Amino acid sequence: MIFDRNENKKVVVLLGAGSMGTAIVKRVGAGKTIFIGDINEENLKNRANELKYSGYSVETMKVDALNEDSMRAFAQRASQLGKIKYFIDTAGASPNQAAPEHIINLDLVATANAIDIFAEYIDEGGAGLIISSQTGYMMEFSEEVENQLATTPTAELKNLEFIQNKAMQNSGVAYITAKRANHLRVRNAAATTWGNKKARINTISPGIIVTPLAYDEFNAAGDSYQKMIDSSPVKRVGTSEEIARAAEFLLSDDASFITGIDLLIDGGVIASIKAGMYQLNVH
Ligand SMILES: NC(=O)c1ccc[n+]([C@@H]2O[C@H](COP(=O)([O-])OP(=O)(O)OC[C@H]3O[C@@H](n4cnc5c(N)ncnc54)[C@H](O)[C@@H]3O)[C@@H](O)[C@H]2O)c1
């Protein structure tokens, strides 16, 4: 049976078949082709089935965000499926899931690379969304380091003195640096590569959102997350659906004047930290 007779459907590309990414494409993918890439074939299969049995058109491809050739093949395949209206990047690893080097490679360098590559493939008037994190607000960086993180060519990012001497020493610092870099790379791309294509790009920085990734954090981090929740104004965790609602807005034409920004969606955790209600323990 043919569910959709429309040809030339626009494409929604999702890198990272995780919980938040799936919630986002459910909101923006009706009537379009959803093209999902992930390194984990089991995740791809499960997410594709979940979407397929909910009436969406879905294509998948195994892709390793860490590998430039794999990412290029992913972007090329996406563009063969149709014009790319949205690119959403949720591929990431959290501090308690990985060593510092892997976090720098995936959350920082591979994300920067995805921003570069999809600037070439996004359709005019399209929109991008990178999922960063509230942790991007948990350290102060000097102006010099911020400029370097924003503008250093992607292939040279790993060689930065700050990355080599600080971020590579500690998974927490690596994660914070990578997530701050996401904001800065997106801000720069919005004004340059993406802007040149008349495409918009923004980041969302989620707070504590209950997903499998977050469970790995809770299991490893002792009572620090409980304290963070208790001292936050909303006094609870968030859901992927709450991120997806904001993502839908930022991707849509309702946000047509918004580009190069980060939207922090954290139930007020950063506000409570800045107000001295919760003390961070970052070295
Ligand atoms: N869950 C939270 O509380 C939270 C909070 C803030 C930010 N984030 C960020 O949100 C993003 C999505 O997180 P989530 O909670 O939905 O996680 P998730 O684990 O459900 O999804 C991440 C996906 O990325 C995929 N992936 C990992 N390495 C890859 C690679 N090399 N190539 C391609 N795909 C790869 C994984 O297989 C997984 O499907 C991550 O960047 C994470 O750092 C999560």
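Each ligand, and each atom within it, is numbered from 1 in the order the structure gives. As the structure is a prediction and not an experimental result, all values here were calculated from the model.
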Check ligand 1 against [X] and write out every atom of the ligand that is under 4.0 Å from a heavy-atom position of the residue.
X	answer
Val63	32 (N), 33 (C)
Asn43	37 (O), 38 (C), 39 (O)
Tyr175	7 (C), 8 (N), 9 (C), 42 (C), 43 (O)
Asn40	37 (O)
Ala214	1 (N), 3 (O)
Asp64	30 (C), 31 (N), 32 (N)
Gly207	3 (O), 4 (C), 5 (C), 6 (C)
Ser19	16 (O), 20 (O)

For Lys166, does the NZ atom sit with more than 12 other heavy atoms under 6.0 Å from it, leaving out its own atoms?
-> no
State whether the number of non-hydrogen atoms from other residues, nucleotides or ligands found under 6.0 Å of Asn159 atom CG is greater than 12.
->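 Correct, the count exceeds 12.
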What protein heavy atom lies closest to [atom]? Include the residue and the distance to one decimal.
atom	result
atom 19 (O) of ligand 1	Leu213 CB, 3.6 Å
atom 24 (O) of ligand 1	Ala91 CA, 3.5 Å
atom 28 (N) of ligand 1	Leu106 CD2, 3.6 Å
atom 21 (O) of ligand 1	Gly18 CA, 3.3 Å
atom 15 (O) of ligand 1	Thr211 OG1, 2.6 Å
atom 16 (O) of ligand 1	Met20 N, 3.3 Å
atom 41 (O) of ligand 1	Lys179 NZ, 2.9 Å
atom 38 (C) of ligand 1	Asp38 OD2, 3.5 Å

For atom 9 (C) of ligand 1, which of Ser133, Gly16, Gly92, Ser132 has the closest heavy atom?
-> Ser132
Counting heavy atoms only, name the option from Ile243, Ile131, Thr90 that's nearest to atom 40 (C) of ligand 1.
-> Thr90
Does Arg47 have a non-hydrogen atom less than 4.0 Å from ligand 1?
-> no
Does Pro206 have a heavy atom less than 4.0 Å from any atom of ligand 1?
->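 It does; at least one heavy atom falls under 4.0 Å.
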[X] versus ligand 1: do any nitrogen or oxygen atoms come within less than 3.5 Å of each other?
X	value
Gln134	no
Gln97	no
Ala65	yes
Ile209	yes

With Asp223 via salt bridge (charged side-chain N to carboxylate O under 4.0 Å, His left out) - residues at least two apart |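 Applying salt bridge (charged side-chain N to carboxylate O under 4.0 Å, His left out) to Asp223 gives Lys227.
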Do any N or O atoms from the side chain of [X] and from the backbone of [Y] form a donor-acceptor pair under 3.5 angstrom?
X	Y	result
Ser132	Ile204	no
Ser70	Asp64	yes
Thr60	Ile36	no

Under-4.0 Å salt bridge between [X] and [Y]:
X	Y	answer
Glu68	Arg72	yes
Arg187	Glu146	no
Lys26	Glu50	yes

Heavy-atom side-chain contact between Leu15 and Val63 under 4.5 Å | yes
Does any donor atom in the side chain of Lys83 or Asn8 lie under 3.5 Å from an acceptor atom in the other side chain?
-> no
Assess the side chains of Thr239 and Glu242: does a donor N or O sit below 3.5 Å from an acceptor N or O?
-> yes
For a ring-ring contact (aromatic ring centres under 6.0 Å, His included) with Tyr225, tell me which candidate from Tyr215, Tyr278, Phe218 qualifies.
-> Phe218
Checking side chain to side chain contact (heavy atoms under 4.5 Å, CB included) against Thr33, which of Lys10, Lys85, Glu59 comes through?
->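 Looking at Lys10, Lys85, Glu59, the match for Thr33 under the side chain to side chain contact (heavy atoms under 4.5 Å, CB included) is Glu59.
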Would a line drawn from the ring center of Phe87 to the ring center of Tyr121 be shorter than 6.0 Å?
->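 No: the rings miss the under 6.0 Å criterion.
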Which segment of Ile39 sits under 4.0 Å of ligand 1 when only heavy atoms are counted | both
